[in-house]
Amino acid sequence: MDSHFDINTVYVSVFAGAGGEDAKDWARMLLVMYKKYAARKNLKCLPVNDNTWEVKGENVYSLLKDESGVHRLVRISPFDAKKLRHTSFALVEVIPAFKRIGATDIAIPEKDLKIEFTRSSGPGGQNVNKVETAVRLVHVPTGIAVISQEERSQSQNREKAMMLLKSKLAKVMEEKHEHELENLRVRVEPEWGHEIRSYVLHPYKQVKDHRTGLKISKIEEVLDGNLDVLMDKKLK
């Protein structure tokens, strides 16, 4: 891991993919799973926006880095009146925080940055919804977008959003061995053929890691935040 990254702080984001309302619910379930895992490990977990948590703890990146990728859920849909089985997808990103966020570290050209201000849906009292404190940044060439809405002021949210965006860009640059931002491209979509792990609740119960072939039946434990049952067996 490059020394520019802080392995004791990560951003865990979950994005709904193919699957409509089921996918949105699946993304929410995964966020809850990681929040419970953080609590089990005594990690500090702070919201950044509706689909991103900042997680802090000793060597937390090593604990969570293998969770990055597409996760597939198969279940009887609670949104289907006919009670049919549905498949939905979500994309998990685990990004180590970028230590140095000065302009000389990653310089994002102004033309490549789209900035949007919206009303925050986060905590902070009645005033938080009356002014546009939430900040959304989009890196246009790659399509990478981030949002910060939990801070009380627009400037604080902009600073946190910029830190998150630079962390994501730096991580992608490292993975692709690129030194220039313009060489980056949009990556995998959360849909069929890209999943790293499947969670099946019907017609049987099983979690399967497609990278290792590991299969376990304790899916309720996994969704309750006990990822060690996956990680320990995978290591063995």
Side-chain angles (χ1 to χ4, degrees), residues 1 5-19 22-48 51-78 85-97 167-168 171-172 174-175 187-236:
M1 175 59 59
F5 294 103
D6 180 3
I7 60 173
N8 297 320
T9 301
V10 299
Y11 297 106
V12 178
S13 301
V14 185
F15 306 95
D22 277 282
K24 293 178 184 178
D25 189 51
W26 174 223
R28 180 197 60 78
M29 290 169 61
L30 285 171
L31 272 178
V32 171
M33 180 181 78
Y34 292 122
K35 185 179 179 181
K36 289 182 176 180
Y37 175 73
R40 286 174 178 264
K41 294 294 184 180
N42 294 316
L43 303 171
K44 189 175 182 180
C45 197
L46 301 170
V48 176
N51 65 342
T52 301
W53 288 91
E54 181 182 60
V55 186
K56 297 185 176 184
E58 185 175 356
N59 212 19
V60 66
Y61 180 65
S62 292
L63 288 175
L64 289 171
K65 64 180 181 179
D66 290 335
E67 295 300 301
S68 289
V70 178
H71 295 240
R72 177 168 67 100
L73 174 68
V74 180
R75 65 172 176 176
I76 299 296
S77 171
R85 187 173 63 183
H86 283 237
T87 299
S88 51
F89 297 83
L91 175 65
V92 175
E93 284 186 345
V94 179
I95 305 293
S167 295
K168 288 194 174 191
K171 185 63 171 61
V172 174
E174 182 192 53
E175 290 172 347
R187 48 202 198 84
V188 66
E189 293 295 325
E191 57 188 21
W192 284 103
H194 299 295
E195 59 267 33
I196 63 165
R197 190 181 297 154
S198 294
Y199 306 70
V200 181
L201 287 168
H202 186 84
Y204 53 87
K205 293 185 178 181
Q206 182 185 92
V207 179
K208 178 180 179 180
D209 193 301
H210 297 282
R211 298 163 295 185
T212 64
L214 172 66
K215 300 177 182 178
I216 62 173
S217 59
K218 299 178 180 180
I219 188 169
E220 287 90 354
E221 288 190 27
V222 173
L223 293 176
D224 198 42
N226 185 9
L227 300 182
D228 290 338
V229 297
L230 274 173
M231 296 175 179
D232 290 347
K233 289 188 176 183
K234 186 165 64 174
L235 290 174
K236 293 177 183 177

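- Each of Val48, Leu43, Leu31 was checked for a side chain to side chain contact (heavy atoms under 4.5 Å, CB included) with Trp53, and the lone residue meeting it is Leu31.
- A heavy-atom distance below 4.5 Å is found between the side chains of Arg75 and Met29.
- Environment of CD in Glu220: crowded, with over 12 heavy atoms of neighbouring residues, nucleotides or ligands closer than 6.0 Å.
- Looking at every heavy atom in both residues, Ser68 comes nearest to Ile196 through O-CD1, 3.3 Å.
- Leu227 places a side-chain heavy atom less than 4.5 Å from the side chain of Met33.
- Taking each heavy atom of Glu67 and His71 in turn, the nearest pair found is O-NE2, 2.8 Å.
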Check your understanding: Can you check side-chain contact (heavy atoms from CB on, under 4.5 Å) on Ile76 and Leu201, steps first, answer last?
Key -> CA-CA 8 Å; Ile76 299 296; Leu201 287 168; over 6 Å; no
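- Residues Thr52 and Ser13 approach most closely at OG1-OG, 2.7 Å, considering heavy atoms.
- The nearest pair of heavy atoms linking Ala90 to Leu30 is CB-CD1, 3.7 Å.
- With rounding to the nearest 0.5 angstrom, the CZ atom of Arg72 is 9.0 Å from the NZ atom of Lys208.
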**Study point:** Step-by-step side-chain contact (heavy atoms from CB on, under 4.5 Å) determination, Val70 to Leu91
**Key:** CA-CA 4 Å; Val70 178; Leu91 175 65; 4.0 Å; yes
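- Summarising the geometry of Val74 relative to His202, their closest heavy-atom pair is CG1-O, 3.6 Å, with the distance given to 0.1 Å.
- Val10 and Pro96 make their closest contact through CG1-CA, 4.0 Å (heavy atoms, listed as atom of the first residue, atom of the second, distance).
- The closest donor-acceptor contact from the side chain of Trp26 to the backbone of Gly17 lies at 3.5 Å or more, if one exists at all.
- A distance of 9.0 Å separates CD in Gln206 from CG in Leu214, rounded to the nearest 0.5 Å.
- The closest side-chain heavy-atom distance from Arg85 to Pro203 is below 4.5 Å.
- Inter-residue side-chain proximity for Tyr11 and Lys168 is flagged as unmet; no heavy-atom pair is nearer than 4.5 Å.
- Rounded to the nearest 0.5 Å, atoms CD (Glu195) and CG (Leu73) are 12.0 Å apart.
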Exercise for review: Check the pair Val229 / Val222 against side-chain contact (heavy atoms from CB on, under 4.5 Å), numbers first and verdict last.
Suggested key: CA-CA 7 Å; Val229 297; Val222 173; 3.6 Å; yes
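- Proximity of Asp66 to Arg211: side-chain heavy atoms (C-beta onward) are separated by under 4.5 Å at one or more points.
- Looking at heavy atoms from C-beta onward, Arg197 lies in side-chain contact with Leu230 at the 4.5 angstrom threshold.
- Applying the salt bridge (Lys or Arg N to Asp or Glu O under 4.0 Å) test to pairs two or more places apart or on separate chains, those with a residue in residues 32-43 are Lys36-Asp224, Arg40-Asp224, Lys41-Asp228.
- You'll find the side chain of Pro78 reaches within 4.5 Å of the side chain of Asp22, heavy atoms only.
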**Study point:** side-chain contact (heavy atoms from CB on, under 4.5 Å) between Tyr37 and Leu64, intermediate numbers included
**Key:** CA-CA 10 Å; Tyr37 175 73; Leu64 289 171; 3.6 Å; yes
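- At least one side-chain heavy atom of Tyr34 sits under 4.5 Å from a side-chain heavy atom of Val92.
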